[in-house]
Visitor: 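Mind looking over this structure? Questions follow.
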Amino acid sequence: MKILVPVKRVIDYNVKVRVKADQTGVETANVKMSMNPFDEIAIEEAVKLREAGVATEIVAVSIGMTQCQETLRTALAMGADRAILVETAAEIQPLAVAKLLKAIVDKEAPQLVILGKQAIDDDSNQTGQMLAALLNWPQATFASKVTIANNEAEVMREIDGGMETVAIKLPAIITTDLRLNTPRYATLPNIMKAKKKPLDVMTPDALGVDVTPRLKTLKVVEPAKRKGGVMVADVAALIDKLKNEAKVI
Amino acid sequence: MATLVIAEHDNETLKPGVTNAIAAAHKIGGDIHVLVAGSHCAGAAAAAAAVSGVSKVLVVDSPSYATAVAENLAPLIVGLAPAYSHVLASASAYGKNVLPRVAALLDVMQISDIVAVESPDTFVRPIYAGNAFATVQSSDKIKIITVRSTGFDAAPGGGTAAIENISAGVDAGNSRVVKQELTKSDRPELAAAKRIVSGGRGMGDGDKYRSVLEPLADKLGAALGASRAAVDAGFVPNDYQVGQTGKIVAPELYIAIGISGAIQHLAGMKESKVIVAINKDPEAPIFQVADYGLVGDLFTLVPELTAAL
Ligand SMILES: Cc1cc2nc3c(=O)[nH]c(=O)nc-3n(C[C@H](O)[C@H](O)[C@H](O)COP(=O)(O)OP(=O)(O)OC[C@H]3O[C@@H](n4cnc5c(N)ncnc54)[C@H](O)[C@@H]3O)c2cc1C
Ligand SMILES: Nc1ncnc2c1ncn2[C@@H]1O[C@H](COP(=O)(O)O)[C@@H](O)[C@H]1O
């Protein structure tokens, strides 16, 4: 069984993001970029399924600028077998990402696509569900445990009130939550090996997908700053403040 | 112009975010209809009809909707959507699961997690874990939107909407819920709580989390929350997690105990009205957003606080 794993290149989760002075977006020049953390979890899960003999091949896909090749090399170093870059400098919104991924799924015919539940830059949380809709496949979002057997995936999902287990027929879409696994680090020998693994480059045009954005960003601003608070000396002082100043108890 | 709000419910009552989504629909303007898809869901339908500003409740009562299966709900909503300019749901795990599927089937880009309505086609939404707010304008014919509850005060009661039954769609048959393990608690739900006591890795383990924080939460009538580190370490179930990738809360009082204040955690609670932080590290970033900070060992301070209340 083949597994497709879309991986997005995003600003590293440790970076304190700064809004540009002209309010057109956030500063990306000279900022550390990494693979979206949920996509690392997706790659790890695919590699585990291959190690368990369930999967035979893992294809990592990224959509974006040339530099996404670095993200794909990381995926290859973690254990993906080959990679596809859909190269474009244009802004690609989740609906267009889902359409491009559908075009790739049509060519590659995987049985499973594992995506992150959310990209930590746009925080959209929608691409996997959209891809499932376009393919008319079932979906298991926010996965924290995956078992594949008898052409079905049994997936434990994190929902608001606790956990839910769903059984979906393959081919299917899974999106990862934080507690699905702990991604491995790419070792130096694997990073070296990854350099020789195949990486194909294609364009949205070649895939026949119209990627025109549907949402226009009018401005991007910083959140309102909370006014500085105070340190209190002890519990009595805290209770006094909460009762008499904040009036919340 | 009319808006359809998709209601999450347990067949008896509406989930907390629904009335906030209805409030967002008010801001957009026009008629507001609510869809209640469930099984034996007359109670939830009546609850939706009683929300102020709702003019019609569409009810579909069928075993296909006994559990919230996106594969079944999405085609039902897609069938109704052409009559509306906007389709809204709360940005809960339910809304996030179902609505993008609807959007893609309609060839629409979803607008996720809005916190403000500027005009019927322009909305404000947080990006980068709330470190920036983007104002976005949609060119799609139908706007598909998930609503962040903390951005909108819940619509009040007092409504008298008409209830109309509609027929069920086909069962997709490719997905089924095997089981649910829901956290049982007599405390208020995190998403709706006025006060929250939240514990982090500093709690040490699950037993200490419970023995130290439960008495405080009891005294305050508060919900319990946690950082990701506390959930990952197994102190508490996953649905306690507050943050960028957990629950977004904005209670009147949020007490962060043994939580360092990583941006991903702050993303979920920094809109709270009053924030208290208790941490032994005076440099912990949580103090930068706290209205009141108390430095010291939580195992001494928290019992002291509980006793003094
Ligand atoms: C993709 C991604 C998504 C994430 N999403 C979330 C999210 O939604 N929510 C979230 O919370 N995190 C999230 N995180 C994790 C986040 O980055 C932090 O790792 C996490 O919030 C840290 O939890 P903590 O503050 O409990 O632990 P720590 O950072 O370890 O802090 C523990 C604190 O306890 C204090 N302490 C210890 N002992 C005592 C004592 N006896 N008395 C008083 N104070 C004490 C310490 O001084 C310290 O400040 C995410 C991370 C990633 C990469
Ligand atoms: N440009 C992209 N390239 C590859 N994968 C992507 C891209 N954008 C989104 N994804 C995938 O979709 C998931 C959810 O993203 P989003 O819907 O934007 O929050 C991510 O975790 C990735 O797996």
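Just so you know, these numbers come straight off a predicted model, no measurement behind them. Each chain gets a letter, A, B and so on, in the order its sequence line appears, and its residues count up from 1.
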Visitor: Is it true that B/Asp107 and A/Lys99 have a side-chain N and a carboxylate O under 4.0 angstrom from each other?
Guide: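 Judged by the 4.0 Å cut-off on N to carboxylate O distance, B/Asp107 and A/Lys99 do form a salt bridge.
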Visitor: Between B/Leu220 and chain A, with a heavy-atom cut-off of 4.5 Å, which part of the residue counts as in contact: side chain, backbone, both or neither?
Guide: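 Looking at B/Leu220, just its side chain touches chain A.
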Visitor: Does B/Lys247 reach the main-chain N or O of A/Asp160 with its side chain, forming a donor-acceptor pair under 3.5 Å?
Guide: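 Pair found, side chain donor or acceptor close to backbone of A/Asp160.
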Visitor: Of the listed residues (B/Ala68, B/Ser138, B/Ala93), which shares the most heavy-atom pairs with chain A below a 4.5 Å separation?
Guide: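 If we count pairs closer than 4.5 Å to chain A, B/Ala93 comes out on top.
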Visitor: Which atoms of B/Ala172 come close to chain A, meaning under 4.5 Å heavy atom to heavy atom: side chain ones, backbone ones, both, or neither?
Guide: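 Neither part, no heavy atoms under 4.5 Å.
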Visitor: Which region of A/Lys225, side chain (C-beta onward) or backbone (N, CA, C, O), has a non-hydrogen atom less than 4.5 Å from a non-hydrogen atom of chain B, or is it both or neither?
Guide: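 Neither part, no heavy atoms under 4.5 Å.
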Visitor: Considering only heavy atoms, which portion of A/Tyr13 lies under 4.5 Å from any heavy atom of chain B: side chain, backbone, both, or neither?
Guide: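 Both backbone and side chain.
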Visitor: Please classify the contact between A/Ile239 and chain B as side chain, backbone, both or neither, with a heavy-atom cut-off of under 4.5 Å.
Guide: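 For A/Ile239, the side chain is the part near chain B, not the backbone.
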Visitor: Determine the option with the most heavy-atom pairs under 4.5 angstrom with chain A, choosing from B/Leu294, B/Ile127, B/Leu301.
Guide: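 Result: the option with the highest number of such pairs is B/Leu294.
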Visitor: Hey, does B/Tyr292 have a side-chain heavy atom less than 4.5 Å from the side chain of A/Glu245?
Guide: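 In contact.
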Visitor: For A/Asn14, is it the side chain, the backbone, both, or neither that has a heavy atom closer than 4.5 Å to a heavy atom of chain B?
Guide: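 The answer is neither part of A/Asn14.
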Visitor: Considering only heavy atoms and a distance below 4.5 Å, find which of A/Val221, A/Leu242, A/Ile168, A/Leu238 pairs most often with chain B.
Guide: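 Heavy-atom pair counts peak at A/Val221.
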Visitor: Heavy-atom distance under 4.5 Å to chain B: side chain of A/Lys243, backbone, both or neither?
Guide: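 Neither part, no heavy atoms under 4.5 Å.
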Visitor: Sort A/Glu154 into side chain, backbone, both or neither according to what part of it lies under 4.5 angstrom from a heavy atom of chain B.
Guide: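 The side chain, not the backbone.
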Visitor: Less than 4.0 angstrom from a charged side-chain N to a carboxylate O is my criterion; do A/Lys241 and B/Asp291 meet it?
Guide: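 Salt bridge: no.
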Visitor: Please test B/Asn97 against A/Ile159 for side chain to side chain contact (heavy atoms under 4.5 Å, CB included), starting from the C-alpha separation and ending with a verdict.
Guide: CA-CA 10 Å; B/Asn97 187 46; A/Ile159 59 172; over 6 Å; no
Visitor: Which of the residues A/Gln139, A/Glu222, A/Glu158, A/Lys169 is involved in the greatest number of heavy-atom pairs with chain B at under 4.5 angstrom?
Guide: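 Highest number of pairs under 4.5 Å: A/Gln139.
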Visitor: Between A/Val19 and chain B, with a heavy-atom cut-off of 4.5 Å, which part of the residue counts as in contact: side chain, backbone, both or neither?
Guide: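 Answer is side chain: those atoms of A/Val19 sit under 4.5 Å from chain B.
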Visitor: Between atom OG1 of B/Thr245 and atom CD1 of A/Ile120, what is the distance when rounded to the nearest 0.5 Å?
Guide: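 These two atoms lie 9.5 Å from each other.
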Visitor: If every non-hydrogen atom of B/Asn131 is compared with every non-hydrogen atom of A/Pro223, which pair is closest and at what distance?
Guide: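 Closest approach of B/Asn131 to A/Pro223: O-CD, 3.2 Å.
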Visitor: Highest number of heavy-atom pairs under 4.5 Å with chain A: which of B/Lys15, B/Glu71, B/Lys194?
Guide: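 Heavy-atom pair counts peak at B/Glu71.
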Visitor: What part of B/Thr146 gets within 4.5 angstrom of chain A, counting heavy atoms only: side chain, backbone, both, or neither?
Guide: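 B/Thr146 has no heavy atom closer than 4.5 Å to chain A.
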Visitor: So how far is it from B/Ile255 CD1 to A/Ile249 CD1, rounded to the nearest 0.5 Å?
Guide: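 Separation between the atoms: 8.0 Å.
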Visitor: Heavy-atom pairs under 4.5 Å with chain B: which of A/Gly229, A/Ala96, A/Gly128 has the most?
Guide: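 Top option by heavy-atom pairs under 4.5 Å: A/Gly229.
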Visitor: May I ask you to test the A/Arg179-B/Asp232 pair for a side-chain heavy-atom distance under 4.5 Å?
Guide: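 Yes; the side chains approach each other to less than 4.5 Å.
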Visitor: What part of A/Val97 lies closer than 4.5 angstrom to a heavy atom of chain B: side chain, backbone, both or neither?
Guide: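 Neither part.
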Visitor: Check for a donor-acceptor pair, side chain of A/Arg226 on one end and backbone N or O of B/Lys270 on the other, with a separation under 3.5 Å.
Guide: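 Answer holds: yes.
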Visitor: Please flag which part of B/Val276 lies under 4.5 Å from any non-hydrogen atom of chain A: side chain, backbone, both or neither.
Guide: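 Only the side chain of B/Val276 comes within 4.5 Å of chain A.
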Visitor: Tell me, for B/Glu271 versus chain A, whether the close heavy atoms (under 4.5 Å) come from the side chain, the backbone, both or neither.
Guide: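 It is the backbone, since no side chain atom gets that close.
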Visitor: Just how far is it from atom CD of A/Gln126 to atom OG of B/Ser112, taken to the nearest 0.5 Å?
Guide: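 Here the interatomic distance stands at 4.0 Å.
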Visitor: At a 4.5 Å cut-off on heavy atoms, which part of A/Leu170 comes close to chain B: side chain, backbone, both, or neither?
Guide: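 Neither part.
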Visitor: Heavy-atom distances under 4.5 Å only: say whether B/Leu253 touches chain A with side chain, backbone, both or neither.
Guide: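 For B/Leu253, side-chain heavy atoms alone lie under 4.5 Å from chain A.
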Visitor: Any heavy-atom pair between the side chains of A/Leu218 and B/Thr122 that's under 4.5 Å?
Guide: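 Yes, close enough: below the 4.5 Å cut-off.
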Visitor: Under a 4.5 Å heavy-atom cut-off, does chain B meet the side chain of A/Ala119, its backbone, both or neither?
Guide: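 For A/Ala119, there is no contact with chain B at all, as no heavy atom is under 4.5 Å.
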Visitor: With a 4.5 angstrom heavy-atom cut-off, which part of A/Gln118 approaches chain B: side chain, backbone, both or neither?
Guide: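 When you check distances to chain B, only side chain atoms of A/Gln118 fall under 4.5 Å.
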Visitor: B/Asp113, B/Val102, B/Val108, B/Thr67: which one forms the most heavy-atom pairs within less than 4.5 Å of chain A?
Guide: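 Max contact count across the listed options: B/Val108.
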Visitor: Would you check if the side chain of A/Asn125 reaches a backbone N or O of B/Lys96 as a donor-acceptor pair within less than 3.5 Å?
Guide: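 No.
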Visitor: Using non-hydrogen atoms only, which part of A/Ala167 is less than 4.5 Å away from chain B: side chain, backbone, both, or neither?
Guide: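 When you check distances to chain B, atoms from both the backbone and side chain of A/Ala167 fall under 4.5 Å.
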Visitor: Find the one option among B/Ala103, B/Ser272, B/Ala262 whose heavy-atom pairs under 4.5 Å with chain A are most numerous.
Guide: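 The option with the most such pairs is B/Ser272.
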Visitor: Does any heavy atom of chain A fall under 4.5 Å from the side chain of B/Ala308, the backbone, both, or neither of them?
Guide: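 It is both, since atoms from each part get that close.
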Visitor: Could you check whether any side-chain N or O of B/Arg195 sits under 3.5 Å from a backbone N or O of A/Val248, counting only pairs where one atom can act as donor and the other as acceptor?
Guide: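 Yes, because the side chain of B/Arg195 sits within donor-acceptor range (under 3.5 Å) of the backbone of A/Val248.
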Visitor: Is chain B contacted by the side chain of A/Leu178, its backbone, both, or neither, given a heavy-atom distance below 4.5 Å?
Guide: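 A/Leu178 touches chain B through backbone and side-chain heavy atoms alike.
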Visitor: Specify the closest pair of heavy atoms between A/Val220 and B/Ala134, including all atoms of both residues, with the distance to one decimal.
Guide: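 Distance-wise, the nearest heavy atoms are CG2-CB, 4.2 Å.
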Visitor: Is B/Gln137 reaching over with its side chain to a backbone N or O of A/Leu215, donor-acceptor style, under 3.5 angstrom?
Guide: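 No, B/Gln137 side chain to A/Leu215 backbone: no donor-acceptor pair under 3.5 Å.
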Visitor: Please rank B/Asn174, B/Leu190, B/Ile278, B/Val136 by heavy-atom pairs under 4.5 Å with chain A and give me the top one.
Guide: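 Heavy-atom pair counts peak at B/Asn174.
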Visitor: Please check this pair: side chain of B/Ser139 against backbone of A/Arg214, looking for a donor-acceptor N/O pair closer than 3.5 Å.
Guide: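 Yes; at least one donor-acceptor contact below 3.5 Å.
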Visitor: Which bit of B/Arg228 comes within less than 4.5 Å of chain A, counting heavy atoms only: side chain, backbone, both or neither?
Guide: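 Its backbone and side chain both get close to chain A.
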Visitor: Got A/Asp121 and B/Tyr128 here, is their nearest side-chain heavy-atom distance under 4.5 Å?
Guide: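 Heavy-atom side-chain distance check passes, below 4.5 Å.
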Visitor: Given a strict heavy-atom distance threshold of 4.5 Å, which part of A/Arg157 is in contact with chain B: side chain, backbone, both, or neither?
Guide: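 Side chain only.
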Visitor: Is any side-chain heavy atom of A/Pro94 closer than 4.5 Å to a side-chain heavy atom of B/Gln110?
Guide: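 Of all side-chain heavy-atom pairs linking B/Gln110 with A/Pro94, none is under 4.5 Å.
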Visitor: Between A/Lys16, A/Gln93, A/Lys216, A/Met156, which has the largest tally of heavy atom pairs under 4.5 Å with chain B?
Guide: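 Ranked by heavy-atom pairs under 4.5 Å with chain B, first place is A/Lys216.
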Visitor: For B/Gln264, which atoms come within 4.5 Å of any heavy atom of chain A: side chain, backbone, both, or neither?
Guide: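 The answer is the side chain of B/Gln264.
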Visitor: Has B/Arg125 got a side-chain atom pairing as donor or acceptor with A/Asp122's backbone, closer than 3.5 angstrom?
Guide: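 Yes, because the side chain of B/Arg125 sits within donor-acceptor range (under 3.5 Å) of the backbone of A/Asp122.
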Visitor: Any side-chain heavy atom of A/Thr165 sitting closer than 4.5 Å to one from B/Val177?
Guide: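 SC-SC contact between A/Thr165 and B/Val177 ruled out.
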Visitor: Has A/Lys145 got more than 12 heavy atoms of other residues, nucleotides or ligands less than 6.0 Å from its NZ?
Guide: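 12 or below, so no.
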Visitor: Any side-chain donor-acceptor pair under 3.5 Å between B/Gln244 and A/Asp123?
Guide: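 Side-chain D/A pair, B/Gln244 to A/Asp123: present.
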Visitor: Give me the atom names and distance for the closest heavy-atom approach of B/Ala132 to A/Val26.
Guide: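 So the minimum-distance heavy-atom pair works out to CB-CG1, 4.1 Å.
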Visitor: Assess whether a salt bridge exists between B/Glu252 and A/Lys247, defined as any Lys/Arg side-chain N lying under 4.0 Å from an Asp/Glu carboxylate O.
Guide: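 Result for this pair is no, no salt bridge flagged.
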Visitor: B/Phe287 versus chain A, heavy atoms under 4.5 Å apart: side chain, backbone, both or neither?
Guide: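 Interface part for B/Phe287: side chain.
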